[in-house]
Amino acid sequence: MNDSTQRVVATPRWVSWRTKTIWLHALEIHSASVQVRRTPDGTLVWPTLPERPQATADASVSSEAIAGVPPTPSSPWRVVIHSLQVSDGRVEFIDQTLPETFQGAVSHLSIVGGPVTMPWRDGLLSLAVQATLVGAHQHSARLSCSGWTNLITQHLDGSCQLEPLRLAAFDPYYQGPLQVRVYDATLQATGHVTAERNQLAGRVQLEYGKLSDADISFL
């Protein structure tokens with residue numbers, strides 16, 4: 001499991017101790033790497049996040065509780081990021097459920113978004129994403145997405161476009177009792193997706209190119 005980043009740069013703008021708010025002009029994350037793996041038994045292994053330390057039984061009882069006074073709600077710090085940037089990121093997917101392991105990746109990942117408020121309050125976030133989708137035999141194609149999301153109301157509106165990608169990029173998935181061999185055929189996709197309170201709707205257009213009688217054969 002690989003979950004890391006080489007460099008994080010924060011450009012501060014202002015700090016307010018009265019409102020407990022930190023304003024950042026920009027937060028830049030360079031060369032972030034995330035790996036997701038599916039084991040032979042079909043279990044998905046996601047990157048793990050550090051867990052918050054659990055309070056002990058003694059520490060969980062505050063002096064206010066002992067005195068019969070209700071505890072004062074905590075007021076966490078709020079961080080406002082004007083511009084969020086991820087450059088040269090990589091998300092790798094390794095599928096071991098197949099006879100021949102499939103190892104795909106989203107590389108050269110670039111994300112520009114903002115403004116971002118943590119903890120989430122308004123939840124509104126605009127995003128622009130560019131990356132290279134890489135499959136088997138290093139076949140690759142450019143992927144571009146843009147849109148916005150509201151994490152509070154669970155709204156999403158986005159569009160994506162995938163440039164022509166050789167179908168051979170998914171070669172390990174064609175192996176089995178019935179083998180499919182692809183040659184010069186390519187797949188191109190465009191789509192528009194919207195979501196409102198977990199109700200997903202969208203339109204995806206798939207276009208196969210360079211497809212002829214000899215491009216796909218079954219064994």
If I take atom [atom1] from residue [X] and atom [atom2] from residue [Y], how far apart are they, to the nearest 0.5 angstrom?
{"X": "Ile94", "Y": "Thr101", "atom1": "CD1", "atom2": "OG1", "result": "8.0 Å"}
{"X": "Ser159", "Y": "His192", "atom1": "OG", "atom2": "NE2", "result": "4.0 Å"}
{"X": "Leu133", "Y": "Glu163", "atom1": "CG", "atom2": "CD", "result": "11.5 Å"}
{"X": "Gln161", "Y": "Thr190", "atom1": "CD", "atom2": "OG1", "result": "6.5 Å"}
{"X": "Trp46", "Y": "Gln35", "atom1": "CH2", "atom2": "CD", "result": "12.5 Å"}
{"X": "Thr117", "Y": "Leu124", "atom1": "OG1", "atom2": "CG", "result": "9.5 Å"}

Hey, can you pull the donor-acceptor pairs under 3.5 Å for the side chains in residues 202-209, sequence neighbours left out?
none

Hey, does the side chain of [X] reach the backbone of [Y] with a donor-acceptor pair shorter than 3.5 angstrom?
{"X": "Ser31", "Y": "Arg7", "value": "no"}
{"X": "Thr39", "Y": "Thr43", "value": "yes"}
{"X": "Thr11", "Y": "His25", "value": "no"}

Just by distance, with hydrogens left out, do [X] and [Y] show a side-chain donor and acceptor under 3.5 Å apart?
{"X": "His108", "Y": "Thr132", "answer": "no"}
{"X": "Arg90", "Y": "Ser33", "answer": "no"}
{"X": "Gln103", "Y": "Glu92", "answer": "yes"}

Which heavy atom of [X] sits nearest to which heavy atom of [Y], and what is that distance?
{"X": "Ala26", "Y": "Ile81", "answer": "C-CG2, 4.5 Å"}
{"X": "Leu109", "Y": "Ala131", "answer": "CD1-CB, 3.7 Å"}
{"X": "Ser107", "Y": "Val134", "answer": "OG-CG2, 3.6 Å"}

Answer yes or no: is there a side-chain heavy-atom contact under 4.5 Å between [X] and [Y]?
{"X": "Glu196", "Y": "Gln154", "value": "no"}
{"X": "Val45", "Y": "Val36", "value": "no"}
{"X": "Val15", "Y": "Trp77", "value": "yes"}
{"X": "Val80", "Y": "Leu24", "value": "no"}
{"X": "Leu200", "Y": "Val193", "value": "yes"}

side-chain contact (heavy atoms from CB on, under 4.5 Å) assessment of Ser83 paired with Gln85: CA-CA 6 Å; Ser83 175; Gln85 301 177 20; 3.3 Å; yes
Steps toward side-chain contact (heavy atoms from CB on, under 4.5 Å) verdict (Arg38, Gln96): CA-CA 6 Å; Arg38 185 159 66 169; Gln96 298 175 306; over 6 Å; no
Expected list for residues 164-177: side-chain donor-acceptor pairs under 3.5 angstrom, two or more places apart:
residue: Arg166; atom: NE; partner: Tyr183; partner atom: O; Å: 3.0
residue: Arg166; atom: NH2; partner: Tyr183; partner atom: O; Å: 2.7
residue: Tyr173; atom: OH; partner: Asp95; partner atom: OD2; Å: 2.8
residue: Tyr174; atom: OH; partner: Leu167; partner atom: O; Å: 3.1
residue: Gln175; atom: NE2; partner: Asp171; partner atom: O; Å: 3.4

Full working for side-chain contact (heavy atoms from CB on, under 4.5 Å) between Thr194 and Leu156: CA-CA 5 Å; Thr194 59; Leu156 168 69; over 6 Å; no
